[in-house]
2 protein chains.
Amino acid sequence: MNSIEVARLAGVSRSTVSRVINNYANVPNETREKVMKVIQQYNYFPNVSAQVLAGKRARTIGLFLIAPGHVSSDILTNMLIVSVIEHASACGYYVLTHIIRDAKDTETVKNVKEIFFQRRIDGGIFIGAANHEPFIEELVAEGFIVGVVDQEHPEIPQSNRIVANFNNDSGMKQAVAYLAGLGHTRIGVINGDMNRLSGPTKYEGFLKAMQLCGLQVNRDWVLEGSFHEESGYEAIHTFLRIQGERPTAIIAANDSVAFGAIRALKEHGLQVPEHISVIGFDDHALSEKHHPALTTIRVDFSDMLKQLTTILIAKIEKPSSDIREITLDCCLVIRESCRRV
Amino acid sequence: MNSIEVARLAGVSRSTVSRVINNYANVPNETREKVMKVIQQYNYFPNVSAQVLAGKRARTIGLFLIAPGHVSSDILTNMLIVSVIEHASACGYYVLTHIIRDAKDTETVKNVKEIFFQRRIDGGIFIGAANHEPFIEELVAEGFIVGVVDQEHPEIPQSNRIVANFNNDSGMKQAVAYLAGLGHTRIGVINGDMNRLSGPTKYEGFLKAMQLCGLQVNRDWVLEGSFHEESGYEAIHTFLRIQGERPTAIIAANDSVAFGAIRALKEHGLQVPEHISVIGFDDHALSEKHHPALTTIRVDFSDMLKQLTTILIAKIEKPSSDIREITLDCCLVIRESCRRV
DNA sequence: CTGAAAGCGCTTACAG
DNA sequence: CTGAAAGCGCTTACAG
């Protein structure tokens, strides 16, 4: 079944069939209905490759998740994927999902670029990439429409790059202020991946917030991490082996890190929040059910991706020179992992 | 950049460029290298729409997840998606993921069919569909290559339908035998969705296993459910409101249902396993961390989807009349939610 | 309002 | 070993 067949059966030309499919105004109702009847009756759907080749959009966007080898098959990831798919679907777009295990692997990078150059997709969203990831820069430079989460706009912003971030600064401020309000003065931090934008911004936010509250930062209590449960566990584990003064509260770069940290603390006989307070970031789906229920800074990934997807598709449909940037606020959620000292 | 440009720059015809791209044997090394150099230098990737239109495959498969409205954004779902994507990727295929909220909605169904008819994908995998779901039957009848999880092969099996299932019968037998071995004689069950194949097969497996162990089935202890946490909670909640004799052990249709059941039991002051034993099915990622750690029947979804994806792609690349069916075994994992009576 | 025709960028028999 | 040409199934100026 193709448009020629439909045309023959409806007694019109392919041009007219095409006009009906594409909702041209200059088709009389009678003709339109005649054609539609055949289309419905024969279950005809235009071949998408032919449409794309003739200049239409693929109506497909790419979703690229950069997930390191030791992937935590995380509830969050699932939510991100589903958010993008559902919002794209609401705009009539399909999503080609792709997982990037190693953004440094040449073969992998080639595959990702291929997807754009082959014109499989009209644009793409990248989640979890390093700030200034070179191959993403290349794609932007090539003019492809790209949405990125957790990266900064470069000096000279481009209109085909859409940037989405949380207000990490304000989040950290809320966390520190809350702890300070509970009487904590000795506050430590477990950092995230410093190659991603949110790593350094959260840390800088922490430093600024500490200063604002008139609190000293103890460099021994600034621990390295990488946004994973394991890294929170390792950070605390290593830290506790060395004897020395301990903080009364710890801010983790995200909730997964907080889970790992609490696990390590428990193993060392330290109860949360009795012996030490812990605060996370994200409000992961498990944080509420965690023991103790995790106090954290809530962030709305679903809303972010909804906005990002919508703007991406809008850009695809109507390229404009607007520079688009999304910044979402976050807010403190008080549960049971912090106590007054 | 297109094949004409490449041809011009390499000083050959488009035919030759195409032969190089498609690895034809009859191209001398010298010519091949000349062309490859231009391709590499100019970052040329053939337009996929043109290739598909000319008869090549899209190298894309569809992944359709039927997830009810009140979706549990589940760790399992994430694992399923990632499994399919990674195994498809290993075969050089892309995955178009699509979420079906309501398989009874005409518009939704039309969209799914469209994806096949438009030739966006070379085949598709359906997870979570009802047994004999009509629109999947239609797609199979149209000759599309389809992989389904948790459905039965019809009377007259088709070679373009690949069926993947777990050996639920054996799983239930293991669960009942284990409980019987612990001295339980009063065993209840919370069923799954009876519209899906695994719903009735698990229940039938339960009945058979009970008979095999010489145990009586008490109809009051056969509770309705639907594979969701909430349904396990509801089932137990409703059941406990009615006074009467209680079972000493309950088998849940899956781990999510078991979680819900345990939550409800706790609320009624019944501890697991002290007052009642509970056994799940699946070995969900959270089961090990659950309190109490859940005894369950382990099932390997990742392996199943790896096999299904591989066979689907093999069928796409080389259609054959073989009837393909996958059945994976499951095995008991003993943890802490069951005790001897 | 509608049709004939060019063009999108490939692949692949066909001929040499 | 290689090129010219037909064909895949659409869309869209162009002409009427």
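Lettering of chains follows the sequences in order, A, B, ..., and the numbering in each one begins at 1.
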Worksheet entry | Distance-only polar pair, side chains of Gln118(A) and Tyr94(B), donor-acceptor under 3.5 Å | no
Item to complete: Scan side-chain atoms only and decide if Asn165(A) and Thr327(A) contain a donor-acceptor pair under the 3.5 Å cut-off.
Response: no
Item to complete: Among Gln151(B), Arg196(B), Lys104(B), find the residue that satisfies the side chain to side chain donor-acceptor pair (under 3.5 Å) test when tested with Glu133(B).
Response: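 For Glu133(B), the side chain to side chain donor-acceptor pair (under 3.5 Å) test succeeds with only one of Gln151(B), Arg196(B), Lys104(B), which is Lys104(B).
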Discussion item. Please report whether the ring centroid of Tyr44(B) lies less than 6.0 Å from that of Phe117(A).
Written reply: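 Aromatic pair excluded; centres sit 6.0 Å or further apart.
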Worksheet, complete the sentence: Given protein heavy atoms under 4.0 Å, the one-letter contact record of nucleotides 9-16 of chain D, with B base, S sugar-phosphate only and - none, is simply BBBBB---
Worksheet item: Considering Watson-Crick and G-U wobble pairs with both distances under 3.5 Å, what does dG16(C) pair with?
Response: dC1(D)
Fill in: Carboxylate-amine/guanidinium contact Arg101(A) Glu86(B), below 4.0 Å
yes
Discussion item. In this structure, how many angstroms lie between the P atom of dC1(C) and the CZ atom of Arg32(A), rounded?
Written reply: 10 Å
